[in-house]
Amino acid sequence: MSYRAVARCLAGALVIAAFLLALGGPAFAHAELESSQPGYGDVLSAAPGKVILNFSEPMELAGARLSLSDSRGRALPLRRPAFGSPDRRTVAVGLPTISPSRYTLTWFFLGNDGHVMGGEVAFQLAGATPAVAPSAPRAPVAATPPAFPGTAAVGTIPNRIAEPRFGAVALAGPEAVVRILDYSSLAVLIGGGVFVAGIWREGAKVARVRRLLWIGLAGSALATFLTLGLTAAGLQGLPTLDAVRPSVIEGVLGTRLALVLAYRGGFLILGALVLGLLTVGRDQAARSRGWRLAGAVAGLGVLTTYSFLGHASEEGPTAQAANLIHMVGVAVWLGGLIFLTTMVLPRRRPEELRVVIPRFSSLAFGSVAVMVMAGVIMLTEVVPRLGSLLTTGYGRLLLLKLGLVGVLLVVAQQARSFTERRLVLAPAGDDRAAPLQPLLLAVGVELALAFVILSSTSVLVGQLPPR
Ligand code: HEM
């Protein structure tokens with residue numbers, strides 16, 4: 001790839017970024033409980049037949065976990081929840097006949113973005129002796145008109161807890177580990193595929209190269225399966241090992257998450273066929289236009305599924321497109337770097353290095369530029385108030401990631417200038433091109449930093465962004 005091609009690539013990326021920004025409408029809210037009937041802390045004059053929960057985004061009923069307990073902590077049976085509106089944002093939960101007491105309804109639902117959300121609504125049926133002496137009345141979390149005649153709130157109860165608990169629920173540790181596996185495998189599979197198809201077709205003849213691509217595919221498939229299982233276990237409040245139990249996974253079948261992951265699985269199967277052809281046809285396959293087209297469809301298909309889950313999926317088309325472009329940039333750059341470091345550099349063939357390294361250097365430059373631009377667009381979509389970057393855990397983690405990206409860009413620039421000085425500008429046959437230690441060191445540091453960035457991102461996507 002020549003510098004003119006890189007300049008064209010960057011110009012294209014800028015046009016895409018400008019187009020995305022122009023598209024951008026108001027950011028949608030993250031899935032949250034906007035109001036409930038009864039409201040949090042309401043004192044009711046008559047028993048409600050049901051509790052109505054109004055969410056800002058569509059919720060899933062499959063696998064939902066709900067419980068109702070009275071002031072003594074006794075659990076009461078609940079009816080199955082049902083949607084109260086066609087847009088699936090309102091959920092009605094039928095209550096049993098209740099006597100005067102204080103009640104807490106705890107709920108866990110799978111949100112449209114694939115995250116498990118949980119929270120609670122506490123209310124009191126008048127006539128009960130308040131467990132805590134009433135203090136100054138506190139407004140319910142969101143004032144809503146009474147849903148049922150005779151159930152109007154006649155007051156509010158003092159809170160046992162300062163705020164209604166609400167937030168993303170996850171088997172945080174295991175989920176983050178699976179995401180690291182997921183993103184790394186994706187980079188190996190897709191970035192490695194682009195590396196072999198576009199930069200180093202001779203690599204298709206090398207058994208280790210094909211094996212690493214298969215490992216990437218297996219890792220992606222495993223991570224896809226575990227994502228579904230861990231979400232199902234998290235929703236049910238079960239331990240990590242239950243994530244592989246078919247009866248637990250069954251709980252979330254039919255949800256949007258399961259559907260998107262099924263599409264991902266389908267594109268991975270196409271990816272397996274593409275790799276099968278590479279294994280048989282080797283560099284002949286890598287040179288064929290049909291093979292490259294099939295590989296592009298499989299790779300883009302897999303990457304697109306990431307835009308339909310997670311925080312960006314709830315923010316509209318701009319954030320979804322930026323997410324896809326971000327992922328393409330991450331995968332192409334990181335996967336290429338992994339193949340360059342583990343497959344090309346150890347062969348120490350000067351003629352090969354002279355061709356492959358400058359080509360990759362240009363591709364990596366374009367990919368990183370695209371990744372950073374799309375990342376910035378995602379940032380403005382997911383965190384509309386930039387001030388909250390300093391005041392929230394999500395924001396601080398994102399700032400840490402950006403700091404690491406800054407260091408990474410400096411190291412990448414070092415590697416690039418080494419490549420230019422020693423491998424591009426040095427005339428053929430000049431053996432100053434041979435010592436690769438500085439380049440190996442730079443790409444090693446780049447890989448290590450990339451792994452830390454991937455790890456911080458894996459935690460980040462499991463947290464609730466600031467509202
Ligand atoms: C200036 C640079 C960057 C910015 C501004 C940025 C910003 C973001 C934002 C805002 C998200 C969304 C997080 C969420 O869903 O809550 C994200 C996701 C992500 N970022 Fe970055 N990022 C940058 C660089 C990188 C780098 C260098 C890597 C890889 C080493 C990376 C890998 C990822 C991955 C894997 C995701 C998850 C996407 C998904 O699961 O759909 N990012 N990034």
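Because only heavy atoms are used, hydrogens play no part in the values below, and waters and symmetry mates are left out as well, while side chains stay in.
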Can you measure from NE2 (His311) to CD (Gln463) and round to the nearest 0.5 angstrom? 8.5 Å

Crowding at CG, Leu241 (>12 non-hydrogen neighbours, <6.0 Å): no

Take Tyr306 and Asp182 through the side chain to side chain contact (heavy atoms under 4.5 Å, CB included) test and state the conclusion after the steps. CA-CA 11 Å; Tyr306 287 80; Asp182 194 6; 2.6 Å; yes

Can you tell me how far CH2 of Trp333 sits from CG of Leu363, rounded to the nearest 0.5 angstrom? 12.0 Å

Do you know which two heavy atoms are closest between Leu253 and Ala62, and how far apart they sit? O-CB, 4.2 Å

Parallel, tilted or perpendicular, judged at 30° and 60°: which one describes the rings of Phe339 and Phe195? tilted

Considering all heavy atoms of both residues, which atom of Ser185 and which atom of Leu181 are nearest to each other, and what is their separation? OG-O, 2.6 Å

Shortest non-hydrogen separation from Gly229 to Ile249 and the atoms involved: CA-CG1, 3.9 Å

What's the separation between atom CD1 in Ile325 and atom CE in Met371, rounded to the nearest 0.5 Å? 13.5 Å

Is there a side-chain contact between Phe108 and Gln236, using heavy atoms and a 4.5 Å cut-off? no

Indicate yes or no for a side-chain donor-acceptor contact from Arg89 to the backbone of Ser56 under 3.5 Å, with no hydrogens or angles considered. yes

Between Phe267 and Leu300, is there a side-chain heavy-atom distance shorter than 4.5 Å? no

Are side-chain heavy atoms of Met378 and Asn323 found at a separation under 4.5 Å? yes

Check whether any side-chain heavy atom of Glu175 sits under 4.5 Å from a side-chain heavy atom of Thr231, and report yes or no. yes

Step-by-step side chain to side chain contact (heavy atoms under 4.5 Å, CB included) determination, Glu57 to Asp113: CA-CA 9 Å; Glu57 297 293 334; Asp113 61 359; over 6 Å; no

Passes side chain to side chain contact (heavy atoms under 4.5 Å, CB included), Leu379 versus Leu402? Steps please. CA-CA 11 Å; Leu379 190 150; Leu402 297 190; 3.7 Å; yes

Spacing of Leu217 atom CG and Leu222 atom CG [to the nearest 0.5 Å]: 11.0 Å

Is any side-chain heavy atom of Leu334 closer than 4.5 Å to one of Leu454? yes

Rounded to the nearest 0.5 Å, how far does CG of Leu309 lie from CD of Glu314? 9.5 Å

Shortest non-hydrogen pair, Gly234 vs Arg65, comes out as O-NH2, 3.7 Å

Can the ring centres of Tyr263 and Phe308 be said to be less than 6.0 Å apart? no

Which atom names give the shortest non-hydrogen contact between Met327 and Leu303, and what distance separates them? CB-CD2, 3.9 Å

So do the side chains of Tyr103 and Val51 get within less than 4.5 Å of each other, counting heavy atoms only? no

Just by distance, no angles: are the side chains of Ser101 and Ser71 close enough, under 3.5 Å, to form a donor-acceptor pair? yes

Pairwise distance CZ(Arg179) to OG1(Thr457) - rounded to 0.5 angstrom: 10.5 Å

For a 4.5 angstrom cut-off between non-hydrogen side-chain atoms, does Trp214 reach Thr279? yes

Non-hydrogen atoms of Ala232 and Val248 that approach each other most closely: CB-O, 3.4 Å

Between Leu186 and Val330, is any pair of side-chain heavy atoms under 4.5 Å apart? no

Test your reading of the model: is there a side-chain donor-acceptor pair from Arg208 to the backbone of Thr342, 3.5 Å cut-off? yes

Carefully, step by step, assess Asn54 and Gln37 under the rule side chain to side chain contact (heavy atoms under 4.5 Å, CB included). CA-CA 8 Å; Asn54 299 307; Gln37 295 145 9; 3.8 Å; yes

